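Right, one structure below, let's go through it.
Remember, it's a predicted structure, so these values are computed and weren't measured experimentally. Per chain, numbering begins at 1; letters A, B, ... match sequence-line order. Below, all heavy atoms of this structure are taken into account, side chains as well, without hydrogens, waters or symmetry copies.
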Number of protein chains: 2
Amino acid sequence: MRRPAQTSRAAGAPARGAEQSESSEKKLFVDFLLDKNLKLTRQREAVVDEIFGGSGHFEAEEIVQRLKLNRSRVSRATVYRTLELLLECKLVERLELGGTGSYYEHVHPGEHHDHLICTQCGNVIEFHNEKLENMQAEICNNFDFQETHHSLRIFGLCSKCGQIPQ
Amino acid sequence: MRRPAQTSRAAGAPARGAEQSESSEKKLFVDFLLDKNLKLTRQREAVVDEIFGGSGHFEAEEIVQRLKLNRSRVSRATVYRTLELLLECKLVERLELGGTGSYYEHVHPGEHHDHLICTQCGNVIEFHNEKLENMQAEICNNFDFQETHHSLRIFGLCSKCGQIPQ
DNA sequence: ATTGAATATGAGACTAAATCTCAATTATAA
DNA sequence: TTATAATTGAGATTTAGTCTCATATTCAAT
């Protein structure tokens, strides 16, 4: 996986409709903060705006840099701390692409998806399959396991890379 | 996840029967080396013996230490390098438990399993579900994606931890 | 508006995990 | 035995992320 990873949006993981505005998601975050007696600071707001404003997956360091270039000054520590909060309230998911560090992605409420990861070109394809999700729920049930979140990653060669003889 | 992680073997991921001896798996590794014009060294053999001899999941550093204590001297670099080879020939799988580093586990040929990971006590439950695997294969097929491997992790509270009110 | 207390931040030190370097060593085929 | 390609080890280095703690900020109560 040499090239910087890109994201394709697949059927089943459609672009968010107009019924879910960015500000309503931001409100979810603000409510989450209130609920935990945490404060809405300039820095947290900047991080959230940056993440909700972008698309695809990103590294924590990328947010640090984007903030540095574009607008407010937010420290690395605060970016990581805010990402933790966003993970907790499920507006962001962590994604390990097989390399060393973690990627993150903004997820719209109730729109979880899984990933096909091309180990050749780095392309990441999102998909969602309800039957798969249901079966996982069933398995959890069998084990009396209370799921909070899950991650399914399928690694291999995408349609383009699969055609080139290895 | 505070305590050192432990592994439970669940139904569907049974203990290996007598029909698959450790030495036959070692032969798979040796053949893999030969096939790639790689050499069977004392160090590689020591790493493989250590891994095939143990059970459950482990960190790379753990193997470095176990080798240091028990028998031969093998450098950290060589342990990591040998793990890469074992991943490639699918005798070992990498497992990210949500913390910083990676875990590995010895997998017997054709016996892949997935994981339920308790974020409270660190317990890791293995499971295998053929229907789930088939559906994944179908999804790959739909995307013309050639899978090499996959990883499904379900995080949450195990039956014990789920009973304790949060 | 002011105040106070709890919460948050930033700079940079620190840690952990993994990779890299390259001179010296070793396995294997001829 | 020899040639050579592959391998190794020690430790430097990189990377990703966490931690510390003095200072600053938020926000509810006044």
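The shortest non-hydrogen separation linking B:Q146 to A:G162 is NE2-O, 3.4 Å.
For A:T82 and A:R44, the side-chain atoms include no donor-acceptor pair closer than 3.5 Å.
Nearest to the side-chain atoms of A:K39 among the listed nucleotides D:dT26, C:dT9, D:dG9 stands D:dT26. In the set D:dG9, C:dT9, D:dT7, the nucleotide with an atom closest to the side chain of A:R81 is C:dT9. The side chain of A:Q43 sits closest to C:dG10 out of D:dT7, C:dG10, D:dG9. Checking C:dG10, D:dT8, C:dA8 against every side-chain atom of B:T78, the shortest atom distance belongs to D:dT8. Here C:dT28 is the nucleotide among D:dA10, D:dT8, C:dT28 with the atom lying nearest to any side-chain atom of B:L40.
The CG atom of A:L34 sits 19 Å away from the P atom of C:dA6 (whole-angstrom rounding). Regarding A:L67, its CG atom lies at a distance of 12 Å from the P atom of C:dT9, rounded to whole Å. Rounded to whole Å, atom P of C:dT9 lies 10 Å from atom CG of A:L33. Residue A:Y103 contributes atom OH, which lies 13 Å from atom P of D:dT15 at whole-angstrom precision. Rounding to whole angstrom units, CZ of residue A:R94 and P of D:dA16 are separated by 14 Å. To the nearest angstrom, P of D:dT18 lies 6 Å from CD of A:E84. What separates CD of A:E45 from P of D:dT26 is a distance of 10 Å, to the nearest Å. Taking atom CG on B:L83 and atom P on C:dA18, their separation rounds to 9 Å, with Å as the unit.
Checking A:E88, A:E84, A:E105 one by one against A:R94, the salt bridge (Lys or Arg N to Asp or Glu O under 4.0 Å) holds for a single residue, A:E84.
Residue B:R44 places at least one side-chain N or O closer than 4.0 Å to OP1 or OP2 of D:dT7. For the OP1/OP2 pair of D:dT8 and a distance below 4.0 Å, the side-chain nitrogens and oxygens of B:R42 include no atom meeting the criterion. Considering only side-chain N and O atoms, A:T41 lies nowhere under 4.0 angstrom from the phosphate OP1 or OP2 of C:dT7. Dashed line: the shortest gap from a side-chain N or O of A:Y80 to OP1 or OP2 of D:dT18 is not under 4.0 Å.
Put simply, the side chain of A:R42 gets close to the backbone of A:R73: a donor and an acceptor are under 3.5 Å apart. When atom types are taken as modelled, the side chain of A:R76 and the backbone of A:V64 share no donor-acceptor pair closer than 3.5 angstrom.
Each of A:A77 and B:E61 lies near DNA chain C, and the nucleotide nearest A:A77 is the one positioned closer to the 5' end. Heavy-atom nearest nucleotides on DNA chain C were determined for B:Y104 and for A:K36, and the one closer to the 5' end corresponds to A:K36. If you find the closest nucleotide of DNA chain D to B:S75 and to B:N37, the one lying nearer the 5' end belongs to B:N37.
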**OP:** Begin from the C-alpha positions of B:H112 and B:H150 and carry the test ring pair (Phe, Tyr, Trp, His ring centres under 6.0 Å) through to its verdict.
**Re:** CA-CA 9 Å; B:H112 164 83; B:H150 69 262; 4.4 Å; yes

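Note on A:R73: only backbone sugar-phosphate atoms sit closer than 4.0 angstrom, heavy atoms only; bases stay farther off.
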